[in-house]
Amino acid sequence: MATLTREQIRKTIFDVFGAIAPEVEPDTIDPGKPLRDQIDLDSMDFLNVIIRLHEILKIDIPESDYAQLATLDSTVDYLSRRKGI
Amino acid sequence: MPSLGADMEAGTLVEWMVKPGDAVKRGQVVAVVETQKGAIEVEIWETGIVDRLVVEKGRKVPVGEVLALLRAPGEAPPAAAPARARISPSARQLAEELGIDIRSVQSAEPGGVISRADVERAASARKAAPAPAAAAKPAEADWHAQMRKAIAVAMSRSKREIPHYYLATDIDVTAVTDWLAAENTKRGVAERLLPVVPLMKAVALALHEVPELNGSWTEGAFRPSAAVHLGMAIAMRGGGLVAPAMHDADRKTLDGLMADLRDLTTRVRGGRLRSSEMSDPTITLSSLGEQGVEGVFGVIYPPQVAIVGLGKVTERAWVHQGTVAVRKVMTATLSGDHRVSDGHRGGLYLAALNRLLQDPGKL
């Protein structure tokens, strides 16, 4: 994880979403638009995304930070910051 | 073939998980059936020994058809000699003409002689459900069309047979929302509770005060249920929904309910539900707040007699302790069956729900 890059974090996010919402096609995601407007996610799906990101990246994501994971770009920014990238 | 909901007419047996001679226990999964709502694991309701598998893999059979025969524990297997079925000569001839395997024909009278009428009934059932080939999972588009058809059948029946009444009330949910936020800060990511979980518990507990909303309308009469099996409406990926039972929802802890919800959601979207989960709900809860819906006026899923709807939590100007304040408010609705209850009792239910949500620490 020491050599983790923003691009790897982006790929991790796609992998996690792909496992939870298999219909997701990464190329069709607009990185600046809210993910929940583009992917059919309910709160259970979103919680599962948070849990998987927590498991893979070893980051505890408090509920108060959920708003920072609204878009793909903001999620990459948030996770990169938390990983010190 | 068990009925796994008001919309189910037939199912295709896709897998046997037991074989003749196996000992089975009540509640054990013995088969997998493909329905319009996906593959369902069929549980058995008696303990015993599997004597014979009557329906072979791949056959589509109507609800009510015998799938297998069971012997009581300790009961000797039937002697091999009387393989000859008890069937009238003319019924045997008719079965031969129609190509019906007489081993699959049941007499209308338990233990009775198979008659021509029994053979004709078996032939009709086969005609209604002819296709062993249907064992294969239908193409995606076809499957969705079938699901919509199944939902339409149940909802049409509901609107035709159930005299609905509808009630709505706005509930100040600030206390439960704040309580949950505080509770979740103490928990690790994987142990957090979703906002709907305390609402589910309150919906279940409030039924203790108005039990006539919990049960089924069967054979012209209301059958109250002592247990609260909450049917939780869960959307399927790509459309459609199912509302499997969260058993004994009123007696479970919030963590227990969260675990059940996680398990059911996972299996609705990628695994298999069990027959008891499909057939046991005593009331349904539909929560559409996440989709931005403010009020849900549900259609009762027969044979149930009520459905509760929860809308989104919004911040509103609200009189609280004598002053106007910004509070978190949610619209809760109840659709009830007038054959069993009325608006007065329904109103008492929503009042009980409101009261329970003001004291979330006790849920």
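As a basis for the values below, the full set of heavy atoms in this structure was taken, side chains included, without hydrogen atoms, waters or symmetry mates. Given the structure is predicted, the values throughout are model-derived calculations rather than measurements. Within every chain, numbering begins at 1; the chains are lettered A, B, ... in the order of the sequence lines, protein sequences first and strands thereafter.
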State, with a plain yes or no, whether a side-chain heavy atom of [X] is found less than 4.5 Å away from one of [Y].
X: A:Gln68; Y: A:Asp65; result: yes
X: B:Met200; Y: B:Met232; result: yes
X: B:Val329; Y: B:Ile171; result: no
X: B:Ile40; Y: B:Arg274; result: no

Greatest number of non-hydrogen atom pairs under 4.5 angstrom with chain A, of B:Arg262, B:Arg192, B:Met258, falls to B:Arg192
Select, from B:Leu194, B:Val196, B:Thr266, B:Ile234, the one with the greatest count of heavy-atom pairs under 4.5 Å involving chain A.
B:Leu194
Give, as side chain, backbone, both or neither, the part of A:Ile51 having an atom under 4.5 angstrom from any heavy atom of chain B.
both
What I want to find out is whether A:Asp15 reaches A:Lys11 closely enough, with some N-O distance under 4.0 Å, to be called a salt bridge.
yes
Looking at B:Lys328 and B:Asp172, is any side-chain nitrogen of the basic one under 4.0 Å from a carboxylate oxygen of the acidic one?
no
Given B:Arg327, which of B:Asp170, B:Val173, B:Thr174, B:Thr177 fulfils the side-chain contact (heavy atoms from CB on, under 4.5 Å) condition?
B:Thr174
Can you list the steps and then say if A:Tyr66 with A:Glu63 is a side chain to side chain contact (heavy atoms under 4.5 Å, CB included)?
CA-CA 5 Å; A:Tyr66 284 0; A:Glu63 265 193 339; 3.5 Å; yes
Under the salt bridge (charged side-chain N to carboxylate O under 4.0 Å, His left out) rule, collect the residues that match up with B:Glu183, sequence neighbours excluded.
B:Lys186, B:Arg187
Residues in residues 73-80 of chain A that sit under 4.5 Å from chain B, counting heavy atoms only
none
Heavy atoms under 4.5 Å from chain B: which residues of residues 23-37 of chain A carry them?
A:Glu23, A:Arg36
Structural part of B:Leu261 lying under 4.5 Å from a heavy atom of chain A:
both
Check whether B:Thr265 gets within reach of chain A through its side chain, its backbone, both or neither, counting any heavy atom under 4.5 Å.
side chain
Are there residues of residues 275-294 of chain B that reach to under 4.5 Å of chain A by heavy atoms, and which ones?
B:Glu290
Which heavy-atom pair separates [X] from [Y] by the least distance, and what is that distance?
X: B:Ala204; Y: B:Val228; result: CB-CG1, 3.8 Å
X: B:Ala168; Y: B:Thr331; result: CB-CG2, 4.3 Å
X: B:Lys252; Y: B:Lys201; result: O-NZ, 2.9 Å

